[in-house]
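Scroll down for the structure; my scribbles are underneath it.
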Amino acid sequence: MPEEVDLFVIGAGSGGVRAARISSGYGARVMIAEEYRVGGTCVIRGCVPKKLLVYASRFAEEFEDAAGYGWTVPKPKFDWPTLIANKDREIDRLEAAYTSNLERSKVSIVKSRAVLVDQHTVRLTATGQTVRAKHILIATGGSPSLGKDIEGHDHVISSNESFHLKELPKRIVIQGGGYIAVEFAGIFNGLGSEVTLVYRGDNILRGFDEDVRNHLRAEMEKRGIKIITKRIVEGIEKVDHGLCVELSDHENIVADKVMFATGRRPNVKGLGIEAAGVKLDEKGAIAVNEFSQTNVPHIYAVGDVTDRVALTPVAIREGHAFADSVFGGKPTPVDHANVPTAVFSEPECGVIGLTEAQACEKLAKVDIYKTTFRPMKATLSGRDTRTFMKLVIDGLTDRVVGAHIVGPDAGEMIQLIGIAVRVRATKADFDATMAVHPTAAEELVTMRTKTITHVRQAAE
Ligand SMILES: Cc1cc2nc3c(=O)[nH]c(=O)nc-3n(C[C@H](O)[C@H](O)[C@H](O)COP(=O)(O)OP(=O)(O)OC[C@H]3O[C@@H](n4cnc5c(N)ncnc54)[C@H](O)[C@@H]3O)c2cc1C
């Protein structure tokens, strides 16, 4: 007889772990399967190790900037193997913490790949065992997509391998223009690699506000990152002194590593979704409604495998809402509007809500306030860098509908602006808020002069 559970969760990442723990707390018998490591992408090879590498990379500027403040710092030396070993220790600690949290919540963990056999049955490939489940939650996340099979494709690494390189590459080519590409460009640049970013579009960070894209690009270039746009990597050849990367305009770049950060695809391959009759959307993600329910009523999916907003806090929220809805008797849809987000580039970006262009499409009248200024710390250090801030206001209601920041601590600032945007704060509320001086964030409540007003012409 197969084992029976109330909930079988496939994938112990951000969404799956939260859903499993909360469902178990409501009294459900829960089993969770993980084929790699408990914690999933965010903890093992995403947000957390990435941010640790970002911290490491930022010391380079700190050492340089110290001189203007009177410090004499001997020529700093960086050791990549030490950083990676320390990072790995921290990830091991977190994995153990996630595992014991699940165990404490009485969730049964199986270290195996799980595949759907039919609408109520899951097979564990490690043992061949089958489990019957009243409800199934697919929380399998996503994986790097390295694009078409170009010559020399075997030499390409993704973010997964970047966390485990034996040595710091002296020269690296990163293909991609999304947040993972720009973050890794900043990491390797800060640690001392020569970085070339190659992107097929006309500017980095597609989908972000145009001013953010331009400002960040200029700041990255100031730091010595070479950004090549409107071109792609066509082939890679191993040569004596490294890897020769051929671009679509036939320019060649020699590097020690080539990393592609060209998007991620939902993990649905070989999962048995056809056997269970679960439908995908047109992008190949699992199609769900606002309760994360698939077309099969007792099968749900959360997180990156649904490709709604591929961020950890969103996967966690979807997992929690699933548990509340299915086992807690509180039907909870997830609101995907106004998700604040950060890009841990150098400098950082923090954004929420509508870009200027999106606001102009949606709203009849849009007021824009923006400013660029030299961060105070850069005065004595003499660093050539500027911070950028923009507020997008609905000109008819005075509501703040978008905020965009590029500069130190932008991620920290946008978390709090997120609350203001969520409670529908107006520009007048921002203005009435006392500034905290001297900070960069005070600019957000002291921008008095409108940069521009866009008024939509009435349809003829
Ligand atoms: C380099 C990088 C940096 C990132 N930085 C950030 C950031 O700064 N902030 C942020 O919010 N988000 C960030 N993300 C995104 C974030 O990691 C994901 O949005 C989040 O992890 C999604 O959670 P999830 O539960 O959907 O899937 P995941 O966390 O990916 O978990 C899915 C789990 O399922 C397992 N699995 C897959 N198939 C099976 C199967 N058949 N059987 C058993 N187990 C299976 C996988 O091994 C994995 O552990 C980053 C991602 C990457 C790659």
Side-chain angles (χ1 to χ4, degrees), residues 8-20 31-54 91 94-95 98-99 109-117 122-126 131 136-145 157-163 174 176 178-185 187 259-273 276 285-286 288 292 300-320 322 339-345 348-350 411 414-415:
F8 193 100
V9 181
I10 309 181
S14 308
V17 167
R18 175 60 67 94
M31 187 178 276
I32 190 165
E34 172 52 53
E35 68 175 347
Y36 182 55
R37 293 182 65 181
V38 173
T41 304
C42 176
V43 176
I44 307 295
R45 46 193 179 185
C47 336
V48 175
K50 181 227 22 220
K51 188 83 187 275
L52 295 174
L53 265 52
V54 167
I91 302 308
L94 287 173
E95 184 181 10
Y98 270 72
T99 304
I109 308 171
V110 277
K111 296 300 289 287
S112 170
R113 180 169 173 76
V115 293
L116 297 160
V117 178
V122 173
R123 187 167 57 83
L124 303 172
T125 61
V131 181
I136 294 171
L137 178 69
I138 303 172
T140 51
S143 317
S145 151
I157 59 168
S158 71
S159 55
N160 286 352
E161 292 75 39
S162 297
F163 291 119
I174 300 175
Y179 80 91
I180 295 176
V182 301
E183 289 175 342
F184 273 92
I187 290 168
M259 172 181 166
F260 281 11
T262 40
R264 293 177 61 82
R265 61 165 176 261
N267 283 334
V268 291
K269 204 167 154 206
L271 193 59
I273 42 168
I286 295 186
V288 287
S292 299
Y300 288 72
V302 294
D304 287 8
V305 75
T306 63
D307 198 20
R308 286 174 283 181
V309 180
L311 291 170
T312 285
V314 178
I316 291 174
R317 180 64 64 88
E318 289 166 359
H320 202 126
F322 154 81
V339 175
T341 183
V343 178
F344 296 100
S345 44
E348 219 163 274
C349 307
I414 212 68
Q415 178 66 83

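All values below come from the heavy atoms of this structure, side chains included, with hydrogens, waters and symmetry mates left out. As the structure lists them, so they are numbered: ligands from 1, and atoms in each ligand from 1.
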Applying a 4.0 Å heavy-atom criterion (strictly less than), which segment of S112 is in contact with ligand 1: side chain, backbone, both, or neither?
backbone
Nearest heavy-atom approach of F344 to V54 is O-CG2, 3.7 Å
Identify, for atom 27 (O) of ligand 1, the protein heavy atom at the shortest distance, and state residue, atom and that distance.
G141 CA, 3.3 Å
Would you say ligand 1 has an N or O under 3.5 Å from any N or O of S14?
yes
Which of the atoms in ligand 1, numbered in the order shown and given with their element, are less than 4.0 Å from a heavy-atom of P313?
11 (O)
Do any nitrogen or oxygen atoms of A114 come within less than 3.5 Å of a nitrogen or oxygen of ligand 1?
yes
Which protein heavy atom lies closest to atom 37 (C) of ligand 1, and at what distance to 0.1 Å?
T140 O, 3.3 Å
Taking the minimum heavy-atom distance to atom 26 (O) of ligand 1, which of V38, V17, D304, V305 ranks first?
D304
Tell me the protein heavy atom at minimum distance from atom 53 (C) of ligand 1, and give that distance in Å.
R264 NH1, 3.2 Å
Please compare G40, G11, A139 and report which has the shortest non-hydrogen distance to atom 32 (C) of ligand 1.
A139
Closest to atom 29 (O) of ligand 1 among protein heavy atoms sits T41 N, 3.0 Å
Indicate the atoms forming the closest heavy-atom contact of I273 with I286, along with that distance.
CG2-CD1, 4.3 Å
Nearest-neighbour protein heavy atom for atom 31 (O) of ligand 1, which is reported as residue plus atom name and distance
G13 CA, 3.3 Å
Under 4.0 Å from a heavy atom of G303: which atoms of ligand 1 are those, numbered in the order shown and with their elements?
26 (O)
For atom 11 (O) of ligand 1, which protein heavy atom lies nearest, and how many Å away is it?
T312 N, 3.0 Å
Does any N or O atom in E183 lie less than 3.5 angstrom from one in ligand 1, N or O only?
no
Do any nitrogen or oxygen atoms of Y179 come within less than 3.5 Å of a nitrogen or oxygen of ligand 1?
yes
Hey, looking at atom 8 (O) of ligand 1, which of E34, K50, K111 has the closest heavy atom?
K50
The protein heavy atom nearest to atom 9 (N) of ligand 1 is C47 SG, 3.8 Å
Do any nitrogen or oxygen atoms of E35 lie less than 3.5 angstrom from nitrogen or oxygen atoms of ligand 1?
yes
Look at atom 17 (O) of ligand 1 and find which of C42, G46, G16 reaches it with the closest heavy atom.
C42
Nearest protein heavy atom with distance in Å, relative to atom 25 (O) of ligand 1:
G15 N, 2.8 Å
